[in-house]
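Notes for the one structure printed next.
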Amino acid sequence: MIGLIAQYLRPYRRALLVVVVLVAIQAVANLYLPFLNADIINNGVVTGDIGYIVRTGVLMLGITLVLGIVSVIAVYYSARTAMRFGRDVRGALFRSVEGFSLREMNEFGAPSLITRTTNDVQQVQMLVLLGLTMMISAPLTAIGGVIMAMRTDVQLSALLLVIIPVMALVIGVMVFRAVPLFRSVQIKIDAINSVLRENLSGIRVIRAFVRTRSEERRFAVANDDLTDTSLKVTRLFALMMPSLMLIFNLSSVAVIWFGGQLVDEGDMQIGDLTAFLAYIMQILFAVMMAVMLMVMVPRAAASAERIEAVLATVPDIHDPAHPIPDPPRRGLVEFRDVEFRYPGAEDPVLCNISLTMEPGRTTAIVGSTGSGKTTLVNLIPRLLDATGGAVLVDGVDVRDLRQDDVWARLGLVPQKAFLFSGSVAENVRFGAADADDEQVWRALEIAQARAFVSEMSEGIESPIDQGGTNVSGGQRQRLAIARALVREPAVYIFDDSFSALDYATDARLRAALKRTTGAATVIIVAQRVSTIMDADQIVVLDRGRVAGVGTHAELLDTCDTYREIVYSQLTEAEAAS
């Protein structure tokens with residue numbers, strides 16, 4: 001935790017120096033005021049010198065005014081620095097997560113990453129905010145208070161030998177028991193976020209299968225679990241403040257009791273007793289401020305561990321140390337004896353894949369569910385990395401290119417068409433930020449989306465909800481296709497992107513794509529045979545291996561797997577046409 005805080009506060013050294021100086025002034029002023037107060041009593045009240053009382057009183061008021069101004073400035077700089085710290089850590093987490101491969105995303109999980117970027121950062125940020133003032137003020141006040149108390153009366157200062165160890169023991173026990181509980185709280189926040197996220201995403205499925213009551217019970221279990229753990233922490237710290245206040249008040253009684261005896265015996269002046277009592281209160285108040293900080297330390301420490309775990313994770317997929325310069329963009333894609341297996345899996349998902357996908361030609365990939373179609377195309381944009389062999393784009397292994405150079409060649413339409421919150425135009429321009437309205441409409445027309453977008457109230461400026469929940473599945477797919485088309489890449493990858501389209505729209509879209517993407521490499525993953533019958537090259541996958549490569553007519557004659565897929569969807573007459 002200390003390393004994380006030090007790293008992200010380093011750019012704000014000047015602000016930290018200002019805070020340290022201001023807090024030090026504040027601590028010194030607080031320690032000087034009881035000394036002046038004692039001076040008024042000993043040299044003004046006792047002697048009846050009204051002038052001295054007025055002069056010293058005005059000085060105390062001036063110091064108090066300066067103290068107020070200094071406190072405001074110190075809090076301002078502390079708050080600004082803490083907010084910037086939180087901003088920087090959140091930004092670092094976001095950049096780190098953006099570079100994660102699918103393996104790291106699955107390892108942490110989306111709910112946990114959201115919690116770490118929001119709640120965990122907030123916990124550390126609050127510690128920084130309080131720490132910038134209390135962490136400096138408390139030690140200065142406590143140490144200065146001890147020195148001033150001993151300077152006032154050494155005998156009475158012996159009480160500190162009892163008071164401080166007792167307070168330290170109470171604090172130590174509480175903190176020791178709180179650390180594991182706070183770690184548990186953060187994990188349970190992850191769990192409740194996971195349940196809530198699933199319920200919000202799958203609300204239609206839950207209602208369709210009448211599982212509302214079941215999901216309510218599942219949420220209640222996670223909610224009660226978090227509540228029970230939080231109550232344990234609360235009960236633990238509920239004991240702390242009464243215990244410290246008891247010590248605080250008993251200390252005051254002891255000081256007045258023993259100090260009164262010293263005053264009565266003539267060994268101590270009444271003003272010095274007042275000052276000593278003020279110093280004891282300042283010492284104990286400083287300890288209580290430290291306790292308030294310590295209450296936050298265990299939870300912040302647990303949160304910092306979780307943040308550092310994300311920041312320290314090195315993605316499996318990253319840019320090479322010495323990338324090859326960006327070669328000319330032609331769109332040639334090659335698979336050379338490619339193998340892929342997931343970590344810990346006994347058998348590979350893909351095995352001995354050797355293919356060539358050329359510019360100006362359409363390559364279709366078909367196969368049964370689980371045959372590895374999506375895994376195969378995910379190797380091209382390096383969403384996954386081959387565990388054997390090589391995937392080449394324009395003659396260069398994708399692992400030897402910068403990821404940006406690989407992605408710049410591709411227009412990917414994933415299996416699940418995801419749209420972002422914003423307008424239709426903003427979603428289409430996600431593929432090319434500098435596309436003008438004419439280019440957006442052209443991409444929509446090719447994707448067969450112009451008609452329904454034109455019917456929207458604001459055309460291309462019509463709003464789209466997060467995930468595209470306010471449009472149908474077929475409309476989402478067409479907008480996702482338009483997003484890839486406006487990019488005008490060298491390689492188009494359509495991963496089962498026509499499944500939600502009716503046959504007529506599918507046919508029109510394929511015809512439009514053929515006219516538009518003539519010079520590019522087009523790769524289509526499809527379940528529907530009618531979508532890929534006209535492809536220049538069809539690749540048939542079966543259990544991660546290539547079962548056949550050829551045209552529709554050639555595969556009908558030579559590939560049993562392809563023939564089985566075709567005849568499960570079409571009659572012999574339709575297949576032959």
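Remember, predicted model here, so these are calculated numbers, not experimental data. Note: hydrogens, waters and symmetry copies are ignored here, and every other heavy atom, side chains too, is used.
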I'd like to check Glu339 versus Asn352 (side-chain heavy atoms, cut-off strictly below 4.5 Å). Are they in contact?
no
Residue pairs involving residues 550-570 (criterion salt bridge (Lys or Arg N to Asp or Glu O under 4.0 Å); sequence neighbours excluded):
Asp560-Arg563
Parallel, tilted or perpendicular for Phe420 and Phe430, by the 30°/60° rule?
parallel
Give a yes or no on whether a salt bridge exists between Glu216 and Arg213, defined as a side-chain N under 4.0 angstrom from a carboxylate O.
yes
Over 12 non-hydrogen atoms of neighbours within 6.0 angstrom of CD in Glu98:
yes
Sequence neighbours left out, what pairs pass salt bridge (Lys or Arg N to Asp or Glu O under 4.0 Å) with at least one residue falling in residues 371-382?
Arg382-Asp385
Determine which pairs satisfy salt bridge (Lys or Arg N to Asp or Glu O under 4.0 Å) with at least one residue from residues 410-433, sequence neighbours left out, and list them in order.
Arg429-Asp437
Contact check, side chains of Leu332 and Pro359, non-hydrogen atoms, under 4.5 Å:
yes
Determine, step by step, whether Asn378 and Thr375 satisfy the side-chain hydrogen bond (donor to acceptor under 3.5 Å, both in side chains) criterion, reporting the C-alpha distance in whole Å, the side-chain angles of both residues, the deciding distance to 0.1 Å, and the verdict.
CA-CA 5 Å; Asn378 280 344; Thr375 301; 5.7 Å; no
Under 4.5 Å between any side-chain heavy atoms of Ile538 and Val549, yes or no?
no
Parallel, tilted or perpendicular, as decided by the 30° and 60° cut-offs, for the rings of Phe100 and Phe108:
parallel
Dump the intermediate steps for side chain to side chain contact (heavy atoms under 4.5 Å, CB included) on Phe494 and Val525, then the final yes or no.
CA-CA 6 Å; Phe494 299 100; Val525 175; over 6 Å; no
If every non-hydrogen atom of Val546 is compared with every non-hydrogen atom of Leu355, which pair is closest and at what distance?
CG2-CD2, 4.4 Å
State, with a plain yes or no, whether a side-chain heavy atom of Phe335 is found less than 4.5 Å away from one of Ser354.
no
Checking Ser214 against Arg211 for the side-chain hydrogen bond (donor to acceptor under 3.5 Å, both in side chains) test, could you report, in this order, the C-alpha distance in whole Å, the side-chain angles of both residues, the deciding distance, and whether it holds?
CA-CA 5 Å; Ser214 173; Arg211 301 289 293 178; 3.2 Å; yes
Short N-O contact, Asp506 and Arg528, less than 4.0 angstrom
yes
Taking the six-membered ring of Tyr503, is NZ or CZ of Arg508 closer than 6.0 Å to its centre and within 45° of its axis?
no
Ignoring hydrogens, what is the shortest heavy-atom contact between Glu488 and Arg442? Give both atom names and the distance.
OE2-NH1, 4.1 Å
Less than 4.5 Å apart, any side-chain heavy atom of Ile523 and any of Ile365?
yes
Looking at every non-hydrogen atom in both residues, tell me the closest pair between Ser371 and Leu541 and how far apart they are.
CB-O, 3.7 Å
Spacing of Leu129 atom CG and Thr81 atom OG1 [to the nearest 0.5 Å]
9.5 Å
Working to the nearest 0.5 angstrom, can you tell me the gap between Thr362 OG1 and Gln537 CD?
10.5 Å
Minimum heavy-atom distance Ala482-Leu444, with the two atoms named
CB-CD2, 3.9 Å
What's the shortest heavy-atom distance between Ser454 and Trp441, and which atoms?
OG-CZ3, 3.6 Å
Starting at CZ of Arg14, measure out to OH of Tyr77 and round the result to the nearest 0.5 Å.
11.5 Å
Within the 4.5 Å heavy-atom criterion, are Asp394 and Val333 side-chain neighbours or not?
no
Considering only heavy atoms from C-beta outward, does the side chain of Tyr342 approach that of Leu384 to under 4.5 Å?
yes
Give the C-alpha distance, both sets of side-chain angles, the deciding distance and a yes or no for side chain to side chain contact (heavy atoms under 4.5 Å, CB included) between Asn119 and Ile189.
CA-CA 9 Å; Asn119 186 274; Ile189 291 174; 3.9 Å; yes
Just verifying a value: how many Å separate Thr118 OG1 and Arg90 CZ, rounded to the nearest 0.5 Å?
9.0 Å
Does the side chain of Tyr492 reach to within under 4.5 Å of the side chain of Thr521, using non-hydrogen atoms?
no
